[in-house]
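Data block below; observations after.
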Amino acid sequence: MKAQVLAIDDSRTIRSLLAATLEEYDFEVTTAVDGVDGLEKFAETSPRVVITDINMPNLDGFGVIEGIRGGSVNKTVPIIVLSTESGADLKDRARRAGATGWIVKPFDETSLVSVLKRITGI
Amino acid sequence: MAALDAIRATFFEECEDLIEALNEGLGEMAGGDHGGETVNAVFRAVHSIKGGAGSFGLNDLVGFAHTFETVLDRIRSGDLEPADELIALLQRAGDVLADLVETARDESPFDAAAVSTTSDALEAVLGEEGAVEEEFVFDAVGADFDFALPDLDDDEPGSTTYTIAFAPRRDLYATGHEPLVLIEALADLGEIAVAVDLSGLPGIDAFDWEGSYLAWEITLVSSEPEGAVREVFEFVDGLCDLEITVVRSGGSGDATGLPELPDLDDFAPDDAADLPDLSVEPSPAASAETPARENAEPAPARKDARATLRVDVDRIDRLINTVGELIINQAMITQRVREIGVPLTPEIATDLDDYKQLAREVQEGVMGLRTQPVKQLFQRMTRIARETADVAGKSAQLVIEGEETEVDKKVIEKLADPLTHMIRNSIDHGLEVPEKRREAGKPERGTVKLTACYKSGDVLIRIADDGAGLNRPRIRQIAIEKGLIPADVDLSDAEIDQLLFRPGFSTAASVTSLSGRGVGMDVVRTSIAALGGRISIASTPGEGSVFSILLPLTLAVLDGMVVRLGEETMVVPIACIEEAIRPRKDDLSRLGTGRTLFFNRGDYLPVIDLAERLGHPTRAKKLTKKTLLIIQSNGSRVALAVDGVVDKRQVVIKSLAKNYRHIAGISAATILGDGKVALIVDPDGIAEDPPSAGSMRSRTEDETRREEKKDAA
């Protein structure tokens, strides 16, 4: 079975890029357009990995992390933040919320894929 | 990636939406709404453009967006007060950003001066701190898809041996981390030897499945600085006991070159330091204890939440064309069946009716695909207004209403130029300078109101200013100077206003560099007429002027009155017809010049014989046997004489200019139910000038010139 990845980003461009990249490497990608949509899709798909943007309407990335970690199902899923930001304070906040890692946008295809492969054990 | 081009296109499509959102938000901010969500939405729009642009190596765009975003971030956090000047600067920045997106899309050069001026102004707002950060971002995004793997890092001669004692706490597993992933990330940095410490394992009866019992002792030989090693553990900081010791440093002090704290790495100015950040640090994995793994069912296919589909306009146009043929075909079948003269069974009659109904529904549905709200067009006008006011030294605000009104996309596209011109005119010529306004007891800031609404099957667009109103004595004088009217002619106010639309009225002397640009209101009127629309003016001295544009909802069909001219059938647009009258002899008066006037509702209207004007051979038929269509044309009324009215119906417009050539007085053609081609009358063209000869005019010089201007516009 293909490894399921949930990619949450309010940018259509980034969603398309992630989906195209990851599908090429045989991941199955679900995309969500903001944090609220993200948590809904998370409950629906129970993914192996979550990739989330930080700055999004309705519910931001911190909210997504807290929502997943504070939930009851699949709450130890690895959550990777994908953000153009890289400030220490933001990373710190993400870590305290329970993020598993941080990748700076624009992302490098090779390293993103290698990280995901490791995490999913493929 | 093969799909990259398509995603690039997606990016620019998204940018259009984002810029729309940006302008909307900035407009709300300018209107005094400094609320968190408004500023946030503006920030997010710029931020998303930056994020996407970085993925395509559009560094100029990223650089500018970053500076822009930094200022917005400061406003969001309350560090900066969104005063009027700052909001004006943000709006300029929004314009520059839109330009950068556009030039990036077209791969054309951008206005570097405008970008750096605005960028400098933004940085000035930020002070020194912002400027430093901006440089960092330029560097960070320099790395795009092609960038190298971490192994290619600058290799210092010699290497360092580290010992790493790593003991996860139970929380580490709760946040998706996996020791194996971290150890593998370390292995990327060099040679490793790993030993696991099993001494903490309890007996099976005391085993807590959520507990953490293992610890690792790792020896790493790497040319990487200590910072890179610590970075691997950045996201497990506080979730484990970690001890990193430098056993032996063989290199030339590389371990001291970088600060220890991983976060600071991000501010290192070179790409090299950023690379491991991407590849190594986001480690971890779902631990073996993950409880709900079996819940991972096959997910539904990936889908976006926005249920919209972007379709090439050409494809819709082809569809519309085909539907047009379908409507004609339907009309022909109905007519043929009737002509055969066989008695229709109720079934066939019903089927034919159904066919007609379905064809209409298909047509309406397809037409609807091509309509768009005027929102984007209107929002572009805020920028035009701003720029014009800046240059003209006016204080002006553009108020927009009815931006959700939907119009054919083609109409919207073709409306951009005339509308731009009119907005410029309203601000440049319509509004007074602030001092004058104050003297007149008006607010210094002038208002131009741009509104759209539906009006009985058409769309009405109005541009209203609260300026001084048209200067009629001056307009009259200019017209006399230009030789457009005799010096002694007596004109009503409405007639004077109409002079603005005369070719040759607008000249370099009467326009400034802004509203000038080589086109006059005559070109505006011609462009509107080409869209099947009409334009009119109302102006009150001291209170302002209103320009009204009445446009059809679509360019593809037209409600027409089918009329007879001898053997010919023609179509007159219903929109311009006020009434159709069989004239009484008493109401007609012949003038010495051979012209005839028709007395109607207190006015004497010039009578134009359509057949004569178009050069059809006519048997001299008495006017009293003809039908007069009273039409509105160029703001005045004329009586158009035709042999008779046949029918009122919706016709599909076929461009003549495209299939044949432009003919004065004729706007297009259509195919009627009997398969015959009928020409559609252009009322403004017909009523315009008296014919130069009795026959159908070819293009006069004047006509040709206007055509050229129109093409250029």
Side-chain angles (χ1 to χ4, degrees), chain A residues 1 4 10-17 19-21 23-24 28-33 37 44-48 53 55-57 69 73-81 84 86-88 91-92 95-96 98-112 114-115 118-121, chain B residues 1 3-4 6-7 10-11 13-14 40-41 43-44 47-48 50-52 54-55 140-141 143-145 147 149-150 173-178 181 184-185 234-235 237-238 263-264 266 274 277-279 281-287 289-292 295-300 302-306:
Chain A
M1 198 175 75
Q4 177 75 39
D10 60 329
S11 162
R12 193 155 73 226
T13 309
I14 300 294
R15 288 198 304 273
S16 308
L17 268 175
T21 306
E23 279 169 1
E24 196 181 339
E28 195 168 320
V29 183
T30 305
T31 58
V33 300
D37 190 28
E44 281 168 25
T45 63
S46 201
R48 287 283 297 277
D53 188 17
N55 206 307
M56 295 182 292
R69 295 284 181 245
V73 176
N74 196 10
K75 65 178 180 180
T76 59
V77 66
I79 305 173
I80 293 172
V81 175
T84 44
S86 53
K91 279 190 179 181
D92 199 47
R95 184 178 56 218
R96 276 185 280 113
T100 316
W102 187 289
I103 297 183
V104 178
K105 274 190 228 168
F107 62 88
D108 165 46
E109 190 182 323
T110 322
S111 27
L112 175 70
S114 79
V115 165
R118 265 181 200 164
I119 290 176
T120 54
Chain B
M1 200 193 303
L4 204 57
I7 298 172
T10 304
F11 168 62
E13 280 170 12
E14 182 179 20
N40 225 338
F43 175 88
R44 250 192 332 263
H47 186 76
S48 290
K50 177 178 117 177
S55 304
V141 296
D144 60 7
F145 279 113
F147 80 62
L149 286 167
Y173 298 104
T175 49
H177 290 280
E178 167 63 66
V181 175
E184 279 177 344
E234 184 183 4
F235 268 78
D237 186 17
D263 288 338
L264 294 178
D266 296 316
D274 278 329
D277 192 20
L278 284 171
S279 59
E281 139 209 315
S283 341
S287 65
E289 297 91 328
T290 303
N295 283 1
E297 288 164 21
R302 177 176 68 84
K303 60 173 197 281
D304 270 356
R306 285 187 212 183

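What you see is a predicted model, and the numbers here were worked out from it, not measured in a lab. Atom set for the values below is all heavy atoms of this structure, side chains included, hydrogens, waters and symmetry mates excluded. In what follows, every chain begins at residue 1, and chains take the letters A, B, ... in the order their sequences are listed.
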Mind checking the [atom1]-[atom2] spacing from [X] to [Y]? Nearest 0.5 Å is all I need.
X	Y	atom1	atom2	answer
B:Glu178	A:Thr120	CD	OG1	11.5 Å
B:Ile7	A:Arg12	CD1	CZ	12.5 Å
A:Ile80	B:Phe235	CD1	CZ	10.0 Å
B:His177	A:Thr76	NE2	OG1	11.0 Å
A:Asn55	B:Lys50	CG	NZ	10.0 Å
B:Asp237	A:Asp92	CG	CG	8.0 Å

Where [X] and [Y] come nearest, the two heavy atoms and their spacing:
X	Y	value
B:Gly52	A:Thr13	CA-CG2, 4.4 Å
B:Ser55	A:Ile14	OG-CD1, 3.7 Å
B:Gly51	A:Thr84	CA-CG2, 3.6 Å

* To do: Taking the side chain as every heavy atom from C-beta outward, state whether A:Arg69 and B:Thr175 have any pair of such atoms under 4.5 Å apart.
  =>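 Yes, their side chains come closer than 4.5 Å.
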* Asked: Does the side chain of B:Glu234 come within less than 4.5 Å of A:Arg95's, by heavy atoms?
  ->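 They are in contact (side-chain heavy atoms under 4.5 Å apart), so the answer is yes.
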* Asked: Excluding sequence neighbours, so at least two apart, what forms salt bridge (Lys or Arg N to Asp or Glu O under 4.0 Å) with B:Arg44?
  ->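 B:Glu37.
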